[in-house]
Amino acid sequence: MKRRGRRWPLQTWQRWLLTALGEILLGLILFAIAPFFLNSPWPLLGFAIVLGVPIAWVGSLGYGLWRWLDARRARTLLAQYDPVYRRLRTVQLLTISSRAVEEAIETLQLLNQDETYRVLNRSPLDLLQHSPDLATDHQWPIADATDPSQSIQSTHRSP
């Protein structure tokens, strides 16, 4: 009997976790072979492995921490704009930079000065919703942040 299961694309945090596990595994394998190079005619290669792997790990950890802090800042900006966004989790905003959120809020404030646009009741995440990062994530944070009965539906139609 054939199983009918959906294969959901990996979300950002899941891709990061798999990348981290792969990087740790590769680093451990390189550490395991480094002594062979240290005791061979190519000791500089072994020395490069011993120094390079921890540097790569620290760099990846630093980047992940930087993205996490930037996502927290984006969440704070959204929560200051409208308290309903406090329901968002930081993980949901990993693909959105705080700079993009600032720009979306500024753009929305300018657009809301026009009465005809204000009627559309758009949110900052609607302006960010069609970014390539969010499109691959299949996680629309706006649906989780608001009441389902009041969620804002996108007006974009694909051909």
Side-chain angles (χ1 to χ4, degrees), residues 1-108 122-146 151-152 154 156-159:
M1 180 176 210
K2 210 177 207 183
R3 284 182 61 182
R4 290 184 185 171
R6 286 189 179 175
R7 291 187 176 206
W8 298 103
L10 296 176
Q11 292 183 357
T12 301
W13 68 271
Q14 292 169 328
R15 286 192 308 260
W16 281 16
L17 187 61
L18 285 176
T19 302
L21 291 175
E23 189 173 327
I24 289 170
L25 182 63
L26 179 63
L28 291 175
I29 291 170
L30 286 172
F31 270 139
I33 63 171
F36 295 114
F37 286 111
L38 288 172
N39 296 324
S40 73
W42 304 295
L44 290 178
L45 184 59
F47 186 67
I49 290 172
V50 170
L51 285 179
V53 170
I55 289 172
W57 284 347
V58 169
S60 294
L61 184 64
Y63 176 75
L65 182 63
W66 174 73
R67 285 299 307 144
W68 181 266
L69 293 174
D70 193 49
R72 287 194 52 92
R73 184 168 185 269
R75 181 180 176 270
T76 302
L77 289 170
L78 285 170
Q80 287 173 351
Y81 178 76
D82 190 355
V84 74
Y85 293 111
R86 287 189 184 147
R87 293 185 198 166
L88 288 176
R89 296 176 303 175
T90 304
V91 172
Q92 293 172 304
L93 297 173
L94 284 175
T95 58
I96 303 174
S97 71
S98 60
R99 181 184 272 304
V101 170
E102 284 176 354
E103 291 172 0
I105 289 173
E106 289 172 7
T107 303
L108 193 61
R122 305 293 282 187
S123 77
L125 289 179
D126 289 333
L127 298 178
L128 298 169
Q129 199 171 43
H130 299 291
S131 72
D133 291 336
L134 280 177
T136 60
D137 249 358
H138 301 284
Q139 58 177 2
W140 305 112
I142 188 66
D144 296 335
T146 60
S151 67
I152 300 169
S154 174
H156 177 72
R157 301 269 188 240
S158 297

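Side-chain atoms are counted along with the backbone in the values below, which use heavy atoms only and exclude waters and symmetry mates.
- By the ring pair (Phe, Tyr, Trp, His ring centres under 6.0 Å) test, F36 pairs with no residue at all, sequence neighbours left out.
- When each of L93, T76, L78, D70 is tested with V101 by the rule side-chain contact (heavy atoms from CB on, under 4.5 Å), just one qualifies, namely L78.
- When all heavy atoms of F37 and L45 are compared, the pair lying nearest together is CE2-CD2, 3.4 Å.
- Between atom CD1 of residue I105 and atom CG of residue D82 there is a gap of 9.5 Å, rounded to the nearest 0.5 Å.
- Going from atom CD1 of I33 over to atom CG of L38 covers 10.5 Å, rounded to the nearest 0.5 Å.
- Between L26 atom CG and L21 atom CG the span is 12.5 Å, to the nearest 0.5 Å.
- The heavy-atom pair separating R86 from A79 by the smallest distance is CG-CB, 3.7 Å.
- The nearest pair of heavy atoms linking R67 to W16 is CB-CH2, 3.2 Å.
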Between R73 and E102, is the side-chain contact (heavy atoms from CB on, under 4.5 Å) condition met? List the steps. CA-CA 10 Å; R73 184 168 185 269; E102 284 176 354; 2.7 Å; yes
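- Not a single ring pair (Phe, Tyr, Trp, His ring centres under 6.0 Å) links W42 to another residue, sequence neighbours left out.
- Closest approach of L77 to S98, counting heavy atoms only: CD1-O, 3.7 Å.
- Taking each heavy atom of L108 and Y81 in turn, the nearest pair found is CD2-OH, 3.1 Å.
- Counting all heavy atoms, side chain and backbone alike, F31 lies closest to V53 at CE1-CG1, 3.6 Å.
- Take Y63 and apply the ring pair (Phe, Tyr, Trp, His ring centres under 6.0 Å) test, not counting sequence neighbours, and it matches W66.
- I96 CD1 to R75 CZ: the interatomic distance, rounded to the nearest 0.5 Å, is 13.0 Å.
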